[in-house]
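Since the structure is predicted, the reported quantities are computational estimates derived from the model, not experimental observations. Chain identifiers are assigned alphabetically (A, B, ...) following the order of the sequence lines, protein sequences preceding nucleic acid strands; residue numbering begins at 1 within each chain.
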Amino acid sequence: MYKIESKNVDFFYGTSQALKNINIAIMQNTVTALIGPSGCGKSTYLRLFNRMNDLIGNTKLTGQILIDGEDIYAKGVNVDSLRKNVGMVFQKPNPFPKTIFENVAYGLRVNGVTDKKLIEERVETSIKQVVLWDEVKDKLKKSAFELSGGQQQRLCIARALAIQPSVILMDEPTSALDPISTSKVEELIYELKSKYTIVIVTHNMQQAGRVSDTTAFFYMGELIEYDNTKTIFTNPKIERTQNYITGRFG
Amino acid sequence: MTHLDIELQHLKAETIKMWTLVNLQLNKGKESLIKLDKDLAREVILSERRVNAYELKLDRDCENIFALFNPVAVDLRFVLAVLKINNNLERTGDIVEGIAKFVLNVDHTFDKQVLEITRVVEMYLATNNMMETVLEAFDKEDTSLARKVFQQDELVDEINVNANKIVADYIRSHPDNVEGALYLLSIIRKLERVGDQAKNMAEEIIFYIEAKVLKHRSKVEKSN
């Protein structure tokens, strides 16, 4: 069974159609890269997986998005538990104005966890998972804003991991980071793949090549090509994909 | 045109220059063999340095493109193909140099009869043709021309396969001319390798244009 499936998905902002008949099936424990020029619909598509677009008024979705075989847009779906299962990391690191510890503990607290020991354990494990522990273990009570951009982004990933999701969505997670932090986040994505299913939007073609197993190329709301990343970057089947990845788009 | 396009065009132009030089070397090698022109053979040996210099330059150009432009898809295949063609051209240059050294070392002119019965000149012309065809295929990005090379190689193979017996028979009947006959046999072997290099280059051209890998396939498969 596929971890995530999208069947005949159309999506509208008002009357403007942002996604046209998107069909994708994503295997568990893989990294899928969504690429395409600005405005092609890739971020919109990513946000459908945890119903972030629900927060925008006057939108409409037709078709189905299944996670673990369940239609996440079906009536009666609890959006909070969906978002617990499908974590998200954004373009700019967005730690809360809290301590490093509280940032990671936040998701647990809002979900009603009160067991202090459990929270401490989960915070430590999550921070260790993002290879940030050695850098912050002595300043857990300090503000998350004291961390560098790269550290903040890894902290945000730790925050997403703390509530134990099975899917992680990343919307250009390294576009605001320097090469060293970028490389750390990419290494992390590679490590996390064994436990999570990851979908990443990126404008960096090399990054898509480095981190993902499959790549989907979007253009003007349509899915142009979806294949193994190796195939997309060595021998794409569709000329438009080739023109885009080789920089001859226009 | 993108910056990468300009770099790729430049790489192609440099490859064609090297290729033209190697083909010229091959031609001069042939002339020096037929006329036993030792001066021409010396010229071939001297010019081999230029081939080597081109090889280093093309290697560096490819390395720079990989490092600075991270080519993908057809661009990646093109640079990979040039990197390998560069190697094939350098090897061809070495082989021609080897032929020129034989011409320089041989004491007498080659016996006309042995030249004729071994069909070495015909073989030389065939390898020349193969190299010209594959260069044209590269220049025009024409894979049907590249495929022609696999057929042209059949003649080269045939002459090579028959050469052992022909030379052995000749040596038996001309025991005073063993050295010349052996040199010719070595030249035939070298020409056969030039044919192989041309075929490798044809495979690289098809790889970069059609994304098909033809290495280690049968002749029938390669021609389709």
Interface check, chain A: of B/A73, B/A211, B/P71, most non-hydrogen pairs under 4.5 Å belong to B/A73
Item to complete: Answer yes or no: are there more than 12 heavy-atom neighbours, outside B/K148 itself, under 6.0 Å from its atom NZ?
Response: no
Taken in chain and number order and not counting sequence neighbours, the residues that satisfy side-chain contact (heavy atoms from CB on, under 4.5 Å) with B/D61 are B/H10, B/L11, B/E14, B/K57, B/L58
For B/E141, the salt bridge (Lys or Arg N to Asp or Glu O under 4.0 Å) test, sequence neighbours excluded, returns B/K12
Taking atom CD1 as the centre, does A/I180 end up with more than 12 heavy-atom neighbours from other residues, nucleotides or ligands that are less than 6.0 angstrom away? no
With sequence neighbours left out, the residues meeting side-chain contact (heavy atoms from CB on, under 4.5 Å) with B/L46 are B/R49
Quick one: donor-acceptor pairs under 3.5 angstrom, chain B versus chain A?
residue: B/D5; atom: OD1; partner: A/R248; partner atom: NE; Å: 2.9
residue: B/D5; atom: OD1; partner: A/R248; partner atom: NH2; Å: 2.6
residue: B/D5; atom: OD2; partner: A/R248; partner atom: NE; Å: 3.3
residue: B/A73; atom: N; partner: A/F233; partner atom: O; Å: 2.7
residue: B/D75; atom: OD1; partner: A/R248; partner atom: NH1; Å: 3.2
residue: B/D75; atom: OD1; partner: A/R248; partner atom: NH2; Å: 3.0
residue: B/D75; atom: OD2; partner: A/R248; partner atom: NH1; Å: 3.0
residue: B/D75; atom: OD2; partner: A/R248; partner atom: NH2; Å: 3.2
residue: B/R77; atom: NH1; partner: A/T234; partner atom: O; Å: 2.6

Q. More than 12 heavy atoms of other residues, nucleotides or ligands under 6.0 Å from NZ of B/K165: is that the case?
A. no
